[in-house]
Amino acid sequence: MPSAQPLPTSPQQTSPTPAATPAVAKIKAMELLFKAQRKAFDAAPYPDYEQRRQALLALKSALKQHQQQLVDALSLDYGHRSSHDSQIADILPTFNLLNYSLARLKGWMKPNRRHAGLLLAPAKVRVHYQPKGVIGIIVPWNFPIVLSLGPLVTALAAGNRVMLKLSEFTPATNKVLKALLGSAFDEEQVCVVEGEAAQAAAFSALPFDHLLFTGSTAVGRHVMKAAAANLTPVTLELGGKSPVLVAPDMDMTAAVERLIYGKCLNAGQICVAPDYVLLPRARVPEFVAAFQKKFAALYGKVADNADYSAIINERQWQRLLDLLDDAEAKGAEVVSASGEGPLDAQRKLATQLLLGVTDEMLVMQEEIFGPLLPLLPYDSLDEALDFIRARPRPLALYLMSFDTKVQQRVLEETHSGGVCINETVLHVAADDAPFGGIGTSGMGHYHGEEGFRSFSHARTVLKSGRLHTGKLVHPPYGKALQRLLLAWFQR
């Protein structure tokens, strides 16, 4: 997904100039915040259950109080963002995750009993989940509420302190988030950092105990490189080109109904949005007609439509227009879902269906992250699967088929971060399941219990009692030990 956090070379590599002084001052302030959080964590390295519970309840209360302000601020940042897009995709998932985490926190915190085995008996082995310390979270612009507060929930549940780097492209939302978090926490527990490329680079270079980045694959490489200098473990939530595979058995009206919301939500500005559609060659016209009909039922025209979101800013708007122009110049046919072309004044664009696309077109080389949808015909399911496998592993893969044999084959023969069968996008809302990418679409997981584990250190504790069997393998070694080893190896 396109990132709100471009990362140039480290700011320490350039000499400060008078013009750069404010940026340098922000970086120094950020470093002081980190040191304050580290000192506070060292003074209280294991918050108990009640402390963690109270932190989550404080966040929930603050979110309730600032809910409408966040919705309004997001629309201001976008020029127009559907209030329902914000409520359904940003606010609601955050509340759900808070309630889910509160209900399961006590169980997550309990040490897991493991088997010591006969060799170590009668010692006891348990795994304790220890807070890592100070967690850094880099937040993108497309869902700045759930992608900041969601990871924050899990990091707090795991007993950590958190620094959030917010996107420079959502200043109004950032202001509300800062007020929200300031009303619930002091800066030694949760703090907000803002700034552009220099601050983002410096943030990634801090010696966090864990760093979560959501953004583009290209920027993710810079983040991982910066974190590597401190051996900071990273969770990278990236993106890529998530395909929709419409199998030969699928009714086309049903296929469109299952995928269209995932493409139109937030005007397609989602890391798991359908990026392109593979469908049987003879059925391409049927798909186009079904998509236009369903789009008309959902949105009609997008001009002045409160339910349809704008593109966030001029930079992203121009990027999408460039993709569209490049595809047309290289021979693609463009069919608007609503009949409308680009609405420059509103930065709105109905889904544009692209036919006759080729690999030479930029739209097939870059993550689209917007309302453009290439349609790629195939002549056999083998051909479609080969196409998917020949490309970098996507963050999501969507299959439209009610044929259980086809479903099983696709699951066995492809790799992706996640899969939806006869649905799109909604797997991200499954609180009790991990979310994460694979290969160039990311590494590591959060959400669910896996998120708690990601932000915790799994610490093995072996405990021996008064009976000390370890002395059986102490020197001096003799025949008795050799007989014991021989018997053991023959088991």
Side-chain angles (χ1 to χ4, degrees), residues 1-6 74-82 85 140-144 167-170 196-197 215-219 239-244 259-260 262-277 288 291-292 295-296 298-376:
M1 59 181 288
S3 172
Q5 315 291 344
L74 265 174
S75 191
L76 183 62
D77 284 328
Y78 269 70
H80 170 73
R81 201 203 201 202
S82 164
D85 280 1
W141 52 260
N142 62 325
F143 290 100
S167 169
E168 66 269 33
F169 299 130
T170 54
E196 300 187 3
S216 71
T217 301
V219 178
K241 300 183 74 62
S242 297
V244 178
L259 71 85
I260 193 169
K263 186 62 181 178
C264 296
L265 176 65
N266 204 36
Q269 298 167 103
I270 314 175
C271 58
V272 289
D275 196 276
Y276 63 90
V277 181
V288 172
F291 197 99
Q292 288 181 311
F295 192 93
L298 294 176
Y299 300 104
K301 301 295 184 181
V302 302
D304 301 312
N305 186 332
D307 290 334
Y308 197 83
S309 295
I311 304 304
I312 178 113
N313 55 34
E314 286 295 332
R315 174 181 170 182
Q316 294 299 325
W317 177 252
Q318 190 58 54
R319 181 186 64 82
L320 290 167
L321 294 185
D322 290 346
L323 290 178
L324 199 56
D325 290 344
D326 176 79
E328 286 191 284
K330 293 174 180 174
E333 177 187 355
V334 178
V335 179
S336 173
S338 69
E340 298 165 287
L343 304 173
D344 293 288
Q346 299 180 38
R347 288 201 309 271
K348 283 191 173 183
L349 184 63
T351 307
Q352 306 291 299
L353 305 176
L354 277 63
L355 289 72
V357 298
T358 64
D359 285 342
E360 288 70 37
M361 298 174 185
L362 294 176
V363 77
M364 287 308 299
Q365 297 173 18
E366 303 174 7
E367 183 181 9
I368 293 172
F369 216 73
L372 311 181
L373 187 61
L375 307 182
L376 282 71

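Below, all heavy atoms of this structure are taken into account, side chains as well, without hydrogens, waters or symmetry copies.
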**Complete:** Val335 and Leu355 have their tightest heavy-atom pair at CG2-CD1, 4.1 Å

**Message:** Using a 3.5 Å distance criterion without hydrogens, assess whether the side chain of Arg81 forms a donor-acceptor pair with backbone atoms of Asn266.
**Reply:** no

**Asked** Between Leu376 and Met364, is any pair of side-chain heavy atoms under 4.5 Å apart?
**Response** yes

**Message:** Does Leu372 form a side-chain contact (heavy atoms from CB on, under 4.5 Å) with Val334? I'd like the steps, not just the answer.
**Reply:** CA-CA 9 Å; Leu372 311 181; Val334 178; over 6 Å; no

**Prompt:** Roughly how far, to the nearest 0.5 Å, is CD of Gln352 from CG of Leu320?
**Reply:** 10.5 Å

**Asked** Do Asp77 and Trp141 pass the side-chain contact (heavy atoms from CB on, under 4.5 Å) test, and can you show the C-alpha distance, the side-chain angles, and the key distance before you say yes or no?
**Response** CA-CA 9 Å; Asp77 284 328; Trp141 52 260; over 6 Å; no

**Derivation of the side-chain contact (heavy atoms from CB on, under 4.5 Å) call for Ile260 and Tyr299** = CA-CA 11 Å; Ile260 193 169; Tyr299 300 104; 5.7 Å; no

**Prompt:** Looking at CD of Glu196 and CZ of Phe169, how far apart are the two atoms once the value is rounded to the nearest 0.5 Å?
**Reply:** 7.5 Å

**Message:** Is there a side-chain contact between Cys264 and Leu298 in this structure, where contact means two heavy atoms from C-beta onward sitting under 4.5 Å apart?
**Reply:** no

**Asked** Taking the side chain from Gln346 and the backbone from Asp304, do they hold a donor-acceptor pair closer than 3.5 Å?
**Response** yes

**Asked** If you measure from CZ on Phe143 to CD on Gln269, what distance do you get to the nearest 0.5 Å?
**Response** 8.5 Å

**Message:** I need the minimum non-hydrogen distance between Ala273 and Gly262, along with the two atoms involved.
**Reply:** CB-O, 3.7 Å

**Request:** Return the minimal non-hydrogen interatomic distance between Gln316 and Arg319, and the atom names on each side.
**Result:** OE1-NE, 2.8 Å

**Asked** Given side chains that start at C-beta, do those of Ser82 and Ser309 come closer than 4.5 Å, heavy atoms only?
**Response** yes

**Prompt:** So, for Ala267 and Pro371, which heavy atoms are closest and what is the spacing to 0.1 Å?
**Reply:** O-CD, 3.1 Å

**Prompt:** Between atom CD1 of Ile270 and atom CG of Asp85, what is the distance when rounded to the nearest 0.5 Å?
**Reply:** 8.0 Å

**Item:** Validation row: Asn142, Phe369 side chains within 4.5 angstrom (heavy atoms)
**Value:** yes

**Item:** Whether Lys241 side chain and Glu366 backbone form a donor-acceptor pair below 3.5 Å
**Value:** yes

**Message:** Using the ring pair (Phe, Tyr, Trp, His ring centres under 6.0 Å) criterion, which residues pair with Tyr276? Sequence neighbours excluded.
**Reply:** Phe387

**Asked** Of all heavy-atom pairs between Cys271 and Ser242, which one has the smallest distance, and what is that distance?
**Response** O-OG, 4.2 Å

**Request:** Rounded to the nearest 0.5 Å, what's the gap from CG on Leu349 to CG on Asp344? Could you check?
**Result:** 9.5 Å

**Close side-chain approach of Ile312 to Thr170, heavy-atom, < 4.5 Å** = yes

**Request:** Please tell me if the side chains of Pro374 and Ile368 come closer than 4.5 Å, counting only heavy atoms from C-beta onward.
**Result:** yes

**Distance, nearest 0.5 Å, that separates OH of Tyr78 from NZ of Lys348** = 13.0 Å

**Fill in**
Those residues at least two apart in sequence (or on a different chain) that pass side chain to side chain donor-acceptor pair (under 3.5 Å) with Thr351 are none

**Request:** Determine the minimum heavy-atom distance between Asp275 and Val363, stating which atoms define it.
**Result:** OD1-O, 4.5 Å

**Asked** Which residue pairs pass the salt bridge (Lys or Arg N to Asp or Glu O under 4.0 Å) test when at least one of the two sits in residues 326-341, sequence neighbours left out?
**Response** Asp326-Lys330

